[in-house]
Asker: 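To start, I am sharing the structure in question, which I have written as structure tokens.
We count residues from 1, following the sequence as given. The structure displayed is predicted, hence computed values, not measured ones.
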Amino acid sequence: MFHTNITNFRKNIFSLLEQTIRYNEPVHILTKDGNAVVLSEEDYNGLMETLYLSSVPDMKEKTIEGLHTPLDECLPENEVQW
């Protein structure tokens, strides 16, 4: 995570946003009244998806179970019904 104050953020907003988007590196902005974090849209969407999946009952257990399932016990991708 890149740390900067609000003055430097204002001066370098375009390059900092480009860096955040290109490299998914959050920017932590320090101000007198509090702090903020700028994320890439990709990181934000991933965070929201993780929060959603965490809210589904038993999802964590099902995910862990799936990770421990041997590949030869899994359905081929073309047989999965969505």
Side-chain angles (χ1 to χ4, degrees):
M1 180 179 295
F2 182 80
H3 301 272
T4 189
N5 61 40
I6 191 66
T7 302
N8 287 332
F9 181 74
R10 273 193 299 254
K11 286 181 195 174
N12 302 303
I13 190 167
F14 292 109
S15 63
L16 289 172
L17 289 177
E18 185 177 77
Q19 178 179 327
T20 298
I21 294 165
R22 183 174 289 157
Y23 302 111
N24 291 326
E25 183 176 2
V27 178
H28 183 232
I29 306 162
L30 307 166
T31 76
K32 290 184 223 173
D33 297 324
N35 303 325
V37 176
V38 176
L39 299 173
S40 68
E41 183 178 24
E42 182 180 353
D43 280 350
Y44 173 80
N45 289 337
L47 181 60
M48 291 297 104
E49 183 69 15
T50 299
L51 288 173
Y52 168 73
L53 291 174
S54 296
S55 72
V56 176
D58 300 323
M59 182 58 74
K60 178 181 175 184
E61 291 78 15
K62 290 177 186 178
T63 302
I64 292 170
E65 179 184 333
L67 288 171
H68 291 97
T69 303
L71 285 177
D72 60 350
E73 294 180 22
C74 297
L75 285 175
E77 185 178 355
N78 63 343
E79 292 182 24
V80 174
Q81 296 182 8
W82 297 98

Asker: Between Glu25 and Thr20, is any pair of side-chain heavy atoms under 4.5 Å apart?
Answerer: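 Side chain of Glu25 against side chain of Thr20, heavy atoms only: no contact under 4.5 Å found.
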
Asker: Kindly work out whether a path of hydrophobic side-chain contacts (I/L/V/M/F/W/Y, heavy atoms less than 4.5 Å apart) joins Leu53 to Leu47.
Answerer: no

Asker: Hey, quick one: are Phe2 and Leu17 part of the same hydrophobic cluster, counting side-chain heavy atoms closer than 4.5 Å, chains of contacts allowed?
Answerer: yes

Asker: Side-chain heavy atoms under 4.5 angstrom apart, residues restricted to Ile, Leu, Val, Met, Phe, Trp, Tyr: same cluster for Tyr44 and Ile21?
Answerer: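 Each belongs to a different hydrophobic cluster.
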
Asker: I'd like to know whether CD of Glu73 has more than 12 heavy-atom contacts from other residues, nucleotides or ligands below 6.0 angstrom.
Answerer: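 Counting neighbours around CD of Glu73, more than 12 heavy atoms of other residues, nucleotides or ligands fall under 6.0 Å, so yes.
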
Asker: Is there a continuous path of hydrophobic side-chain contacts, each under 4.5 Å between heavy atoms, that joins Leu51 to Met59?
Answerer: no

Asker: Could you tell me whether Glu41 atom CD has more than 12 heavy atoms of other residues or ligands within 6.0 Å of it?
Answerer: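 Not buried by this count: 12 neighbours or fewer within 6.0 Å.
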
Asker: Phe14 and Val38: same hydrophobic cluster, using ILVMFWY side-chain contacts below 4.5 Å?
Answerer: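 Looking at the clustering, Val38 is in the same group as Phe14.
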
Asker: So, taking the atom named CD1 in Ile6 and the one named OG1 in Thr31, what distance separates them when rounded to the nearest 0.5 Å?
Answerer: 6.5 Å

Asker: Any side-chain heavy atom of Asn8 sitting closer than 4.5 Å to one from Lys11?
Answerer: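 Side chain of Asn8 against side chain of Lys11, heavy atoms only: contact under 4.5 Å found.
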
Asker: Going from CD on Glu49 to OG on Ser54, what distance comes out if it is rounded to the nearest 0.5 angstrom?
Answerer: 9.5 Å

Asker: To the nearest 0.5 Å, what is the distance between OG1 on Thr7 and CG on Asn12?
Answerer: 10.5 Å

Asker: Roughly how far, to the nearest 0.5 Å, is CZ of Arg10 from CD1 of Ile29?
Answerer: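 It is 10.5 Å, given to the nearest 0.5 Å.
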
Asker: Calculate, to the nearest 0.5 Å, the distance between atoms CD and SG belonging to Glu79 and Cys74 respectively.
Answerer: 11.5 Å

Asker: What do you reckon, is CD of Glu65 surrounded by more than 12 foreign heavy atoms closer than 6.0 Å?
Answerer: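 At most 12 heavy atoms, drawn from other residues, nucleotides or ligands, come within 6.0 Å of this atom.
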
Asker: For the atom pair CG (Leu30) and OG1 (Thr4), what is the distance rounded to the nearest 0.5 Å?
Answerer: 7.5 Å

